[in-house]
Amino acid sequence: MNGGDGGDVAAAPEGPPPPLDWKFSQVFGERTAGEEVQEVDIISAIEFDKSGDHLATGDRGGRVVLFERTDKKEHGGNRKDLEKTDYPISRHPEFRYKTEFQSHEPEFDYLKSLEIEEKINKIRWCQTSNGALFLLSSNDKTIKFWKVQEKKIKKVAEMSMDTSNSKASGNGNVGSSTVTSNPKLHLANGGCTDKDKSYTSLSNALSFPSGGIASLRLPVVVTSNETNLVARCRRVYAHAHDYHINSISNNSDGETFISADDLRINLWNLEVSNQSFNIVDVKPANMEDLTEVITSAEFHPNHCHTLAYSSSKGSIRLIDLRQSALCDKHSKLFEEHEAPGSRSFFTEIIASISDIKFGRDGRYILSRDYMTLKLWDINMDSGPVSTFQVHEYLRPKLCDLYENDSIFDKFECCLSGDSKRVATGSYSNLFRVFGCNPGSTEATTLEASKNPMRRQVQTPSRPSRSLSSITRAVRRGGDSNTPGVGVDANGNSFDFTTKLLHLAWHPTENSIACAAANSLYMYYA
């Protein structure tokens with residue numbers, strides 16, 4: 001049945017897309033050489049809004065900083081003018097500083113004798129309304145609902161002029177006139193020296209002309225065309241968690257959200273701040289029987305009744321809110337069983353999931369544990385679809401990582417808008433991007449700097465070291481005897497003191513924002 005025109009010949013299957021070529025875009029808060037970073041300025045949360053036009057960051061000082069996209073606004077105008085204008089086809093997102101506000105302050109719990117840090121743990125954008133931006137921010141104990149809106153500035157106009165011929169005007173200015181008064185009546189507090197007269201009212205002392213008083217000038221408040229961004233806390237959701245909040249997540253219904261700590265997940269209504277519903281509770285009757293805790297929780301992006309939460313044992317549970325009020329039974333369980341004989345003291349520690357994210361279509365869940373990234377298909381609970389090695393070269397150093405507590409670092413992860421790529425952070429301010437398509441070998445390592453391709457860390461199938469590479473690492477401060485510094489399988493030095501924990505992928509374009517200490521770096525491909 002092969003026609004002469006070759007029309008029935010099947011097209012060759014498409015291979016995986018080529019690796020992306022990442023380029024530096026912007027940096028906010030760049031450090032100068034030798035500059036010491038203040039603890040309160042270190043970025044602790046990053047989040048794009050659903051449209052990708054706004055970006056929010058939170059820091060350890062309890063502040064939230066908002067950025068807005070600028071490359072779209074420059075293309076304003078009507079359709080006819082835009083059609084005549086020649087713009088580059090591919091233009092990467094560019095952002096500018098918009099505003100900032102103090103979200104949380106340090107507190108002290110007198111009942112538990114516990115200091116509550118102001119550090120922002122999570123930020124989540126809510127649905128916009130009437131041109132106003134809404135977002136949730138959380139520290140360890142309290143969640144706040146913020147409204148950020150442009151308001152016109154009210155100013156005091158100039159006072160009325162002191163002219164004798166002016167007349168009363170309709171804008172609030174008072175016309176000029178004369179006042180007849182006896183000079184000897186002008187005493188402090190309205191006193192009078194004339195003992196023969198009793199002044200019981202002001203009208204006896206002063207005569208007010210019908211035109212008004214020239215010397216009495218009233219200010220006129222007018223609304224100018226200038227605007228000012230105002231952030232106002234609409235609601236405070238407090239006193240619902242005994243343990244530190246590790247996650248907040250918006251529901252797709254636009255009305256509710258969840259907050260999770262080590263043992264419980266609570267469901268809130270955005271309009272009700274004094275009541276929440278406990279939907280997951282893993283606290284045992286006897287705390288000595290506690291074997292795992294909740295590490296992260298996320299709502300499904302499309303199904304308002306579905307959410308997932310991860311545990312310190314490396315499992316992910318999918319629950320359905322329609323099954324019961326208290327979802328103590330999961331509908332699906334995703335976990336990867338360890339190989340026989342591979343168990344060690346560090347097995348459970350490195351298996352603990354620090355972050356989970358749904359893909360934009362809700363089909364896939366991305367999880368990050370200390371060593372790997374795993375991509376799960378919610379329709380297949382037998383095991384992950386893909387596993388990406390992130391920290392395999394650190395396996396021989398687990399003892400050192402345990403001693404300096406680096407093994408407990410919580411790295412975040414993110415997916416691209418089309419779910420074809422994933423990304424996560426590492427040490428030495430590096431982050432890695434992997435391709436998810438079948439057959440893809442994309443595994444790019446970039447450094448959070450103006451030259452992201454400077455540090456290329458390729459993980460070969462058979463790690464090899466040469467004398468020259470080890471020498472280079474030592475000369476660059478990669479001596480394994482130096483505290484917090486080590487050498488990977490390729491001789492590249494890595495620094496445990498500089499870690500890239502937080503990053504976010506733009507929802508519609510290949511653009512990544514990541515935090516290196518107090519600096520926000522943005523890249524595009």
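All figures in this text were calculated on a predicted structure; none of them were measured in a lab.
- Remark: R317 engages E292 in a salt bridge, criterion side-chain N to carboxylate O under 4.0 Å.
- Proximity of a side-chain donor or acceptor of N278 to a complementary backbone N or O of I265 within less than 3.5 Å is detected.
- When only modelled atom types and interatomic distance are considered, N121 and D140 share a side-chain donor-acceptor pair under 3.5 Å.
- Between F28 and Y97, the distance from one ring center to the other does not fall under 6.0 angstrom.
- With S449 contributing its side chain and N451 its backbone, the two residues share a donor-acceptor pair below 3.5 Å.
- Ion pairing of E336 with K374 is present here, as a side-chain N (NZ or NE/NH1/NH2) and a carboxylate O approach within less than 4.0 Å.
- Between F346 and Y370, the ring centre distance reaches or exceeds 6.0 Å.
- Side-chain contact check for S354 and R368: no donor-acceptor pair (N or O, by modelled atom type) lies under 3.5 Å.
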Q.
The test is side-chain contact (heavy atoms from CB on, under 4.5 Å); show your working for R60 and D41 and say whether it passes.
A. CA-CA 6 Å; R60 294 189 181 181; D41 295 331; over 6 Å; no
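- F358 has its ring centre less than 6.0 Å from the ring centre of H300.
- Between the side chain of H506 and the backbone N or O of E509 there is at least one donor-acceptor pair closer than 3.5 Å.
- The local environment of NZ in K332 is crowded, with over 12 non-hydrogen atoms from other residues, nucleotides or ligands closer than 6.0 Å.
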Q: Evaluate the side-chain contact (heavy atoms from CB on, under 4.5 Å) criterion for residues L446 and W22: first the C-alpha distance (whole Å), next the side-chain angles of each, then the deciding distance (0.1 Å), finally the verdict.
A: CA-CA 8 Å; L446 302 109; W22 291 95; 3.3 Å; yes
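- Taking CH2 from W125 and CG from L136, the interatomic distance works out to 11.0 Å, rounded to the nearest 0.5 Å.
- Remark: the S311 side chain and the K313 side chain contain no N/O donor-acceptor pair separated by less than 3.5 Å.
- With a 4.5 Å cut-off on side-chain heavy atoms, L20 and T444 do not count as touching.
- Taking 4.0 Å as the cut-off between side-chain N and carboxylate O, D320 and R322 count as a salt-bridged pair.
- Less than 6.0 angstrom separates the ring centroid of Y523 from the ring centroid of F431.
- Atom CZ of F277 sits in a sparse spot, with 12 or fewer heavy atoms from other residues, nucleotides or ligands closer than 6.0 Å.
- Counting only heavy atoms from C-beta outward, the side chains of C436 and F388 approach each other to under 4.5 Å.
- Atoms OG and NE2, from S315 and H337 in turn, are 10.0 Å apart once rounded to the nearest 0.5 Å.
- More than 12 heavy atoms of other residues, nucleotides or ligands sit less than 6.0 Å from atom NZ of K23.
- A distance of 6.0 Å or more separates the ring centres of H54 and F95.
- Of the possible polar contacts, none joining the D400 side chain to the E403 backbone as a donor-acceptor pair under 3.5 Å is found.
- Distance alone, capped at 3.5 Å, places no donor-acceptor pair between the K450 side chain and the F24 backbone.
- Comment: E107 does not engage K141 in a salt bridge, judged by the lack of any side-chain N to carboxylate O separation of less than 4.0 angstrom.
- Minimum interatomic distance between S252 and P301 (heavy atoms only, all atoms of both residues): CB-O, 3.3 Å.
- Once rounded to the nearest 0.5 Å, the distance linking CD1 of I319 with NZ of K329 reads 14.0 Å.
- In summary, the aromatic rings of F411 and Y427 are positioned with their centroids under 6.0 Å apart.
- Looking at E118 and R63, no side-chain N of the basic residue comes within less than 4.0 Å of a carboxylate O on the acidic one, giving no salt bridge.
- For S103 and W146, the side-chain atoms include at least one donor-acceptor pair closer than 3.5 Å.
- A distance of 9.0 Å separates CZ in F496 from OG in S426, rounded to the nearest 0.5 Å.
- Side-chain atoms of N274 and Y237 include no donor-acceptor pair closer than 3.5 Å.
- Looking at D369 and I350, their side chains never come closer than 4.5 Å, going by heavy atoms from C-beta outward.
- Side-chain N or O atoms of S247 include one that pairs as donor or acceptor with a backbone N or O of A297 at under 3.5 Å.
- Among all heavy-atom pairs drawn from D261 and D242, the shortest one is OD2-N, 3.8 Å.
- At a threshold of 4.0 Å, the pair E68-R96 counts as salt-bridged, since one of the basic side-chain nitrogens sits closer than that to a carboxylate oxygen.
- Applying the salt bridge (Lys or Arg N to Asp or Glu O under 4.0 Å) test to pairs two or more places apart or on separate chains, those with a residue in residues 413-424 are R421-E442.
- Within the structure, every pair that satisfies the salt bridge (Lys or Arg N to Asp or Glu O under 4.0 Å) test and touches residues 274-284, not counting sequence neighbours, is listed here: R264-D281.
- In the model, S312 has no side-chain atom that pairs as donor or acceptor with a side-chain atom of T295 under 3.5 Å.
- A distance-only check finds a donor-acceptor pair linking the side chain of N266 to the backbone of A240 [under 3.5 Å].
- Listed for the D405 side chain is no donor-acceptor partner under 3.5 Å among the backbone atoms of F408.
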Q: For E348 and R343, run salt bridge (charged side-chain N to carboxylate O under 4.0 Å, His left out): C-alpha distance rounded to whole Å, both residues' side-chain angles, the deciding distance at 0.1 Å, then the answer.
A: CA-CA 9 Å; E348 284 195 11; R343 188 172 182 82; 3.0 Å; yes
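- In this structure, NZ in K122 is found 12.0 Å from CD1 in I245, a value given to the nearest 0.5 Å.
- Side-chain contact annotation: S51 with D49, donor-acceptor N/O pair under 3.5 Å present.
- Under the 3.5 Å distance criterion, the side-chain polar atoms of S428 are matched with a main-chain donor or acceptor of D495.
- Side-chain contact annotation: H92 with S511, donor-acceptor N/O pair under 3.5 Å absent.
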Q: Start with the C-alpha gap between Q275 and W268, add the side-chain angles, then the distance that decides, and say whether side-chain contact (heavy atoms from CB on, under 4.5 Å) holds.
A: CA-CA 7 Å; Q275 185 182 33; W268 300 83; over 6 Å; no
